[in-house]
Amino acid sequence: MDKGPVTLKEKPVIGISACGFNAPVRYNGRSMDFIKAIGREKGDFRWCPVCPETAAGLGVPRDPIHLVGQDGRAIWKGEGKIVSRNGQDVTEVMLAAARESLATLRRAGAKVFIYMDGSPSCGVYRTTLRKQSRGKPPGVFGALLDDEGFFLVPALEMQSPLKWWDWRRRMLAYLWLQEVPLTTRGDLYEAWYRLKFLCQELDDPWAREQGRYLAALKGRLEPEVAEKFRREVGDVLRRPSTLKRITGSLWKNYSHHRKITGRPVPDIQDPTVLRNVTTIARELMIMEREATEEGILFGTAPVTLRKKRLDKDTVEDQSHDSSD
Ligand code: SF4
């Protein structure tokens, strides 16, 4: 079994709400630059900005729109509508634009989308509803992408180096999992070997159960079993981790790494040492770089981008100042 780290060869394509990519397409003609926060790492990805509201022909500036109904998912079922502030019903054009924006993302090969939190179109978890300012329902485009199995990242979390690190490592693992061939039990065990440590960090009871299930598999691998594995592990990888789990995981991986190489990695600190999230993000990047250079799997972030990006400058650059 190959137990080495996995490196993605192609630049991942990331869809993003265009207004978060500094395109002035919001209803008031404004935009935000969330990509700036990740510094040079921006060049590691191919970006595909889309804006369903301008694709619907609503123009800039425009009256803000809102959902009338439970959430974006209900609107797809015909249980609600989308109206602008002046009372115009824009449901049909918005649904058509959401489908067209999805087609654009598919043509680009995107399986990840960075969304604007709170938008009745692109939002996923905190859409503003009429008379209910902070609910948790998805917007109309967010709901579509969720149903289509996209890996959804909130744009706001790109501003925290630690949160972005968490999203990025799970996203890379998710993208690798979507493509890795799973035709034999050997393929399945190899994929699980790469991902199990991260899955244990994210959901330990589930990962233990999954380990037992895989160990009990016999005979030829049925395609349904392989696809169930891909789907369930993918769902676990979508869940954010916590600071406590990340630091615990970093230390466990570091201890393992030190045992194999017989030497310490400077700057990695015990999880009991109090330090800010920027320092922790930097330590994670250092461990990622060390492990990749040594050809040792870093179970906390098992899939990386091509090696040359993990140079010293990148570590410094990605440890941008921010608080959690
Ligand atoms: S949140 Fe989405 S629909 Fe709204 S302006 Fe931004 S990209 Fe356009």
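What's counted below: heavy atoms across the whole structure, side chains too, no hydrogens, waters or symmetry copies. Numbering of residues begins at 1 and proceeds along the displayed sequence. All ligand and atom numbering here is 1-based and tracks the order in the structure.
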Which atoms from ligand 1 have a heavy atom of [X] less than 4.0 Å away?
X: Arg26; value: 5 (S)
X: Ala18; value: 7 (S)
X: Pro52; value: 2 (Fe), 3 (S)
X: Val50; value: 7 (S)
X: Ser17; value: 7 (S)
X: Val25; value: 5 (S)

Report the nearest protein non-hydrogen atom to [atom]: residue, atom name, distance rounded to 0.1 Å.
atom: atom 6 (Fe) of ligand 1; answer: Cys19 SG, 2.3 Å
atom: atom 5 (S) of ligand 1; answer: Arg62 NH2, 3.5 Å
atom: atom 4 (Fe) of ligand 1; answer: Glu53 OE2, 3.6 Å
atom: atom 2 (Fe) of ligand 1; answer: Cys122 SG, 2.3 Å

remark   = A student comparing Ser101, Cys51, Ser119 should find that the heavy atom closest to atom 8 (Fe) of ligand 1 comes from Cys51
query = For ligand 1, which part of Thr54 has a heavy atom less than 4.0 Å away: the side chain, the backbone, both, or neither?
reply = neither
query = How does Met32 reach ligand 1, by side chain, by backbone, by both or by neither, if only non-hydrogen atoms under 4.0 Å count?
reply = neither
request  = Step by step, work out the ring pair (Phe, Tyr, Trp, His ring centres under 6.0 Å) result for Tyr189 and Trp192.
outcome  = CA-CA 5 Å; Tyr189 294 147; Trp192 182 239; 9.9 Å; no
task = For salt bridge (Lys or Arg N to Asp or Glu O under 4.0 Å), just list the numbers for Glu92 and Lys81, CA-CA rounded to whole Å, side-chain angles, deciding distance to a tenth of an Å, and then say yes or no.
result = CA-CA 9 Å; Glu92 287 313 312; Lys81 54 185 180 174; over 6 Å; no
message = As an exercise, state the distance from CG of Leu144 to CZ of Arg99, rounded to the nearest 0.5 Å.
response = 8.0 Å
note = CD1 (Ile16) and CZ (Phe34) are apart, to the nearest 0.5 Å, by 8.5 Å
Under-4.0 Å salt bridge between Arg170 and Glu201 = no
message = side chain to side chain contact (heavy atoms under 4.5 Å, CB included), that's the test. Do Leu175 and Phe151 meet it? Break it down for me.
response = CA-CA 9 Å; Leu175 289 174; Phe151 187 94; over 6 Å; no
message = Restricting to non-hydrogen atoms, name the atom on Gly72 and the atom on Ala143 that form the minimum distance, rounded to 0.1 Å.
response = C-CB, 3.9 Å
message = Using 30° and 60° as the class boundaries, would you call the ring planes of Phe21 and Trp47 parallel, tilted or perpendicular?
response = tilted
query = Take atom CZ in Arg30; do more than 12 heavy atoms of anything else shown fall under 6.0 Å from it?
reply = no
